[in-house]
Protein chains: 2
Amino acid sequence: MQAGADVKALVTQVCVMPPAEKSDMKERILATADKLFYLQGIRAIGVDTIAAEIGISKRTLYNHFPSKDALIAAYLERRFVAQRPSDKQPAEQILATFDSLERRFAAKDFRGCPFVNAVAELGPQDRAVKKIAVAFKESRRLWFRDRLNELGVANADALATQLVLLVDGSIAQDLVRDDPAMARAAKEAAKVLLRNAGVDVGGDATKAAKGRKQTPQ
Amino acid sequence: MQAGADVKALVTQVCVMPPAEKSDMKERILATADKLFYLQGIRAIGVDTIAAEIGISKRTLYNHFPSKDALIAAYLERRFVAQRPSDKQPAEQILATFDSLERRFAAKDFRGCPFVNAVAELGPQDRAVKKIAVAFKESRRLWFRDRLNELGVANADALATQLVLLVDGSIAQDLVRDDPAMARAAKEAAKVLLRNAGVDVGGDATKAAKGRKQTPQ
DNA sequence: GCTTGATTACACCGACCTGTGTAATCTAGA
DNA sequence: TCTAGATTACACAGGTCGGTGTAATCAAGC
């Protein structure tokens with residue numbers, strides 16, 4: 001499956017359906033699976049647990065999903081949320097990503113990146129999971145790249161990669177340390193990288209510069 | 001358990017014992033558990049599998065470890081390898097970290113950070129696992145900070161945090177993408193951050209600067 | 001009323017899991 | 001040779017897991 005198709009499918013799912021209507025059983029199952037899978041882990045949660053949490057029979061769950069694997073795939077696809085368009089300046093949008101990250105870190109139900117976690121849990125053998133995880137990571141990288149291109153940055157592609165490293169790095173660090181400050185650290189690093197690429201991100205361009213001394217070697 | 005104690009225990013374990021001697025059963029179990037846990041996942045591997053892989057009975061395994069949890073803890077503690085001292089310049093040491101990372105990414109048995117994976121797999125409820133994961137992450141951060149202090153960098157602490165973000169970010173990205181270039185991207189970003197802090201990392205200090213035109217390095 | 005489809009309860013399967021109990025066997029050292 | 005500890009095979013307990021089969025129930029639309 002491709003990134004574009006995933007996003008399109010999701011947008012259809014989210015936007016076309018009347019919002020309050022269709023409290024579909026399938027959606028209820030997915031929402032519950034999402035909560036439990038994400039918070040407790042995919043392997044840690046059995047289908048019985050999900051059914052019990054909703055108050056339905058296991059048979060009903062299996063009427064909507066042919067297998068747990070299918071439920072896992074649907075869970076990840078549902079997590080593949082498209083970034084909503086913004087009218088802010090590209091540089092602000094990029095930096096706002098890290099503010100949003102910090103807010104999510106502070107929430108006590110944050111448990112890292114569901115895609116990375118799924119790959120870590122299910123292993124590289126699970127091609128389907130890996131595929132959607134790659135698609136998600138790449139979609140975010142391309143989002144950064146598009147913003148950088150809007151800014152006229154020359155090496156937008158390489159810089160976009162570096163920015164996603166900061167995003168995923170802060171997520172991994174927060175996962176083990178529970179420290180939302182990781183997002184701020186990532187933001188500061190991002191500012192340096194952007195400034196170095198000629199982007200005006202406000203503040204003094206040489207603010208953090210010049211550690212005391214260093215010996216030329 | 002503390003980071004310092006862990007490192008000390010490990011150094012004892014590794015250095016004091018004659019290398020070829022002591023093909024201890026305990027060590028054989030640990031080595032096999034390490035391979036299987038790391039490559040396939042902790043939850044995916046049962047104690048029977050480990051025993052069968054070595055060719056011993058499950059009873060023997062339980063004679064050396066009181067429970068699977070204890071084996072998991074020992075596995076992670078064994079992974080807590082101390083960085084060996086280097087005579088290279090601090091800046092080189094820092095950058096060499098990313099070269100080493102790239103080499104490990106290229107190996108086909110690389111499966112991300114065992115500590116992050118364990119936390120992702122076992123969940124935040126497992127306090128013991130989380131504790132050692134935090135200790136490991138912090139020890140690496142402190143290693144960076146020490147090198148930066150040797151360089152006389154002013155905000156060594158903040159910069160060290162940013163560097164570990166790049167390390168963990170590249171690990172997470174490589175885990176899902178299988179792309180060793182993530183390590184190079186992290187290294188380039190690290191160079192920019194170091195340069196911005198006044199560290200001489202070789203190459204033109206303003207080469208990548210200023211948006212528009214420049215040749216790829 | 002009747003039909004159709006969704007949902008229900010519930011038993012059950014085979015597989016795998018961690019962990020234990022036991023009694024026999026092997027091996028190294030005094 | 002005797003002893004003590006490690007290791008063995010093997011059965012088994014008690015549990016969870018994913019998944020299925022079946023027959024009853026419920027609700028909506030014709």
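First the proteins, then the strands, lettered A, B, ... as listed; each starts at 1.
Atom NE2 of His64(A) and atom P of dA6(C) are 8 Å apart (whole Å). Atom CD1 in Ile50(B) sits roughly 10 Å away from atom P in dC17(C) (whole-Å rounding). For Asp69(A) and dG18(D), the CG to P distance is 10 Å, given to the nearest whole Å. Summarising the geometry, the separation between CG on Leu61(B) and P on dT20(C) is reported as 12 Å, rounded to the nearest angstrom. One atom, CZ of Phe65(A), and another, C1' of dT20(D), lie 18 Å apart when rounded to the nearest Å. What separates CG of Asp48(B) from P of dT18(C) is a distance of 6 Å, to the nearest Å. In this structure, NZ of Lys58(A) is placed 8 Å from C1' of dC17(D), rounded to the nearest angstrom. Separating the CG atom of Asn63(B) from the P atom of dT22(C) is a distance of 15 Å, rounded to the nearest angstrom.
When distances are taken from the side chain of Ser57(B) to each of dA9(D), dT20(D), dT20(C), the shortest belongs to dA9(D). Listed nucleotides dG21(D), dT7(D), dG19(D) differ in distance to Tyr62(A); the shortest reach to its side chain belongs to dG19(D). The listed nucleotides are dG18(D), dT22(D), dC10(D); the one nearest the side chain of Arg59(B) is dC10(D). Across dT7(D), dT8(D), dT7(C), the shortest atom-to-atom separation from the side chain of Ile56(B) is found for dT8(D). When each of dG18(D), dG19(D), dT20(C) is scored by its nearest atom to the side-chain atoms of Val47(A), the top-ranked nucleotide is dG18(D).
Positionally, the nearest nucleotide of DNA chain D for Ala44(A) lies more toward the 5' end than for the other of Pro66(A) and Ala44(A).
Taking 4.5 Å as the limit, some side-chain heavy atom of Phe105(B) sits within range of a side-chain heavy atom of Ile171(B). Looking at heavy atoms from C-beta onward, Asn117(A) lies out of side-chain contact with Ile42(A) at the 4.5 angstrom threshold. Counting heavy atoms from C-beta outward, Leu193(A) and Val199(A) have side chains that stay 4.5 Å or more apart.
Side-chain N/O atoms of Ser100(A) and Thr97(A) include no donor and acceptor closer than 3.5 Å.
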Exercise for review: Could you go through the side chain to side chain contact (heavy atoms under 4.5 Å, CB included) check for Leu175(A) and Phe110(A) one step at a time?
Suggested key: CA-CA 8 Å; Leu175(A) 177 64; Phe110(A) 183 79; 5.8 Å; no

Check your understanding: What do the steps show when you test Asp109(B) against Leu39(B) for side chain to side chain contact (heavy atoms under 4.5 Å, CB included), and what is the final call?
Key -> CA-CA 7 Å; Asp109(B) 62 346; Leu39(B) 286 181; 4.0 Å; yes

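Between Arg140(A) and Asp168(A), at least one side-chain nitrogen of the basic residue sits less than 4.0 Å from a carboxylate oxygen of the acidic one, meeting the salt-bridge criterion.
Stem analysis of DNA chain C (Watson-Crick or G-U pairs, both distances under 3.5 Å, runs of at least three) returns C:1-30 with D:1-30.
Within 4.0 Å (heavy atoms only), Ile45(A) reaches sugar-phosphate atoms of the nucleic acid but no base atom.
Donor-acceptor pairing under 3.5 Å, judged by distance alone, is absent between the side chain of Lys68(B) and the base of dG19(C).
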